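The structure appears right after this line, and notes come after that.
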Amino acid sequence: MPELPEVETTVRGLSQVLTGEKIIEVKVCRSNLRRPIPYDIQERLIGSTIISFDRRAKYGIIFNDREDALIFHLGMSGRWKINPETIEKHDHFILKTENNRCVSLYDPRRFGSLDLIKTKDLLIWPYFKKLGPEPLTGDFNLEYLKSRLARSATSIKKLLLNQQVVAGVGNIYACEALYQAGVHPERSGNSLNKQEIASIIEAIKEILQKAIAEGGSTLKDYARPSGELGYFSAQFKVYGKEDALCECGATIERSVMGGRSTFFCSSCQK
DNA sequence: ACTGGCCCCTGTACGC
DNA sequence: TGCGTACAGGGGCCAG
């Protein structure tokens with residue numbers, strides 16, 4: 001589920017209910033997500049006040065007044081519930097605040113993660129250090145991507161999923177962006193000309209922005225923290241549409257690239 | 001230095 | 001109805 005737009009939506013939702021809140025209770029119901037939740041997370045969070053939020057790639061960041069950054073990754077199936085009515089089997093981590101607000105991290109597959117890092121160490125945190133540029137900033141531009149793709153015989157689809165090439169694009173938006181750019185997913189990085197690379201950049205930025213504006217995509221288990229659903233999934237042109245007709249009249253195809261489903265129209269994408 | 005392949009884990013959908 | 005199988009939005013790690 002959660003690619004950049006969904007994480008951005010989640011961060012905004014959490015920010016609305018938690019900014020300025022003092023944490024009075026922290027529960028770790030299950031400590032082994034992708035990696036263990038830090039053993040000292042309770043003593044470091046309890047009594048602190050949440051001051052701000054940020055997002056890097058598909059990671060959400062919650063800052064407190066002790067210069068600690070709580071970093072979450074939602075993996076494939078994670079989401080935050082706000083003021084949950086009941087605590088279920090897969091609610092692994094719960095925060096309660098002074099004003100009686102409660103959030104829980106729900107993640108059945110446990111591919112997500114929670115880390116607590118000193119703010120000053122964020123730039124050298126290994127998981128952040130290797131990330132490529134944020135797609136919605138000026139760092140993700142023609143000059144950069146051209147040089148990054150020029151030395152790679154890997155397919156453009158796999159390159160877009162590589163977080164070191166561009167941070168935050170996942171399987172859905174990679175498929176949709178390549179469709180919009182008119183570039184076939186199997187094309188190798190070093191086969192793309194300047195115009196095609198420019199189209200890909202433009203498509204990624206546009207699609208991510210649209211998806212954020214729509215509150216992310218809704219698939220099987222995604223909801224905004226408030227419980228509302230996102231609407232971007234209604235705008236998918238190719239993702240999940242194998243055998244359906246493209247707007248051009250051709251049939252949308254599916255193949256597996258790097259173990260991930262890839263959807264495209266070989267008539268529109270060359 | 002890159003690459004492909006495998007693995008983590010649970011829930012759901014579908015075919016027999 | 002029930003069971004086995006395939007598949008799902010992510011990414012780390014390893015061997016080659």
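Because the structure is predicted, anything quoted here is derived from the model rather than measured. Residue numbering restarts at 1 for every chain, and letters A, B, ... go by the order of the sequence lines.
As a whole-Å value, the separation of A/Lys157 NZ from C/dG10 P is 9 Å. Here the C1' atom of nucleotide C/dA8 and the CD atom of A/Glu242 are 14 Å apart, to the nearest Å. Rounded to a whole Å, the CH2 atom of A/Trp125 is 9 Å from the P atom of C/dG12. Straight-line distance from the CD atom of A/Gln163 to the P atom of C/dG10: 8 Å, rounded to whole Å. Rounded to whole angstrom, the span from the CG atom of A/Leu33 across to the P atom of C/dG12 amounts to 15 Å. Between A/Leu161 atom CG and B/dG5 atom P the separation is 15 Å, expressed in whole Å. Distance A/Arg260 CZ to B/dC7 P: 16 Å, rounded to the nearest Å. Between the CG atom of A/Asn162 and the C1' atom of B/dC2 there is a distance of 10 Å, given to the nearest Å.
When every heavy atom of A/Pro185 is checked against every heavy atom of A/Gln269, the shortest pair comes out as CD-NE2, 3.7 Å.
To the nearest whole angstrom, the two P atoms, one in B/dC9 and one in C/dC3, are 24 Å apart. Nucleotides C/dG11 and B/dA1 are separated by 23 Å at their P atoms, to the nearest Å.
Donor-acceptor pairing under 3.5 Å, judged by distance alone, is present between the side chain of A/Arg109 and the base of B/dC9.
Minimum atom distance to the side chain of A/Tyr127 is reached by C/dG12, of the listed C/dG12, C/dA8, B/dT10. When each of B/dG11, C/dG12, C/dG10 is scored by its nearest atom to the side-chain atoms of A/Pro108, the top-ranked nucleotide is B/dG11. The A/Arg34 side chain lies nearest to C/dG12 when the options are C/dA8, B/dG4, C/dG12. Of the candidate nucleotides B/dG11, B/dC2, C/dG11, B/dG11 has the atom lying nearest to any side-chain atom of A/Lys89.
A/Glu253 and A/Ser266 are linked by a side-chain donor-acceptor pair at a separation below 3.5 angstrom, with hydrogens and angles left out of the test. A/Lys157 and A/Thr262 are linked by a side-chain donor-acceptor pair at a separation below 3.5 angstrom, with hydrogens and angles left out of the test. Between the side chains of A/Ser261 and A/Arg254, at least one donor N or O lies within less than 3.5 Å of an accepting N or O.
Each of A/Phe53, A/Tyr59, A/Phe93, A/Trp80 was scored for a ring-ring contact (aromatic ring centres under 6.0 Å, His included) with A/Phe72, with one residue passing: A/Trp80.
Phosphate proximity of B/dT3 to A/Ser152: present, with a side-chain N or O under 4.0 Å from OP1 or OP2. Note on A/His90: every side-chain N or O is 4.0 Å or more away from OP1 and OP2 of B/dT10. Taking side-chain N and O atoms only, A/Arg148 has no distance below 4.0 Å to OP1 or OP2 of B/dC2. For the pair A/Lys58 and C/dG11, the criterion of a side-chain N or O lying under 4.0 Å from OP1 or OP2 is met. Within the 4.0 Å cut-off from OP1 or OP2 of B/dT10, at least one side-chain nitrogen or oxygen of A/Arg110 is found.
Of the residues near DNA chain C, A/Phe263 and A/Tyr59, the one whose nearest nucleotide (by heavy atom distance) lies more toward the 5' end is A/Phe263.
Figure legend: cation-pi geometry between A/Arg35 and A/Tyr127, with NZ or CZ positioned under 6.0 Å from the six-membered ring centre and within 45° of its axis.
With centroids closer than 5.5 Å and planes inclined by less than 30 degrees as the test, A/Phe111 and the base of B/dC9 fail to qualify as a stacked pair.
Contacts of A/Arg151 with the nucleic acid, taken as non-hydrogen atoms under 4.0 Å apart, involve only primed sugar atoms and P, OP1 or OP2. Counting any heavy atom pair closer than 4.0 Å across all strands shown, A/Thr154 reaches sugar-phosphate atoms only and no base atom.
Under the Watson-Crick and G-U wobble criteria, each requiring two contacts below 3.5 Å, nucleotide B/dC9 is left unpaired.
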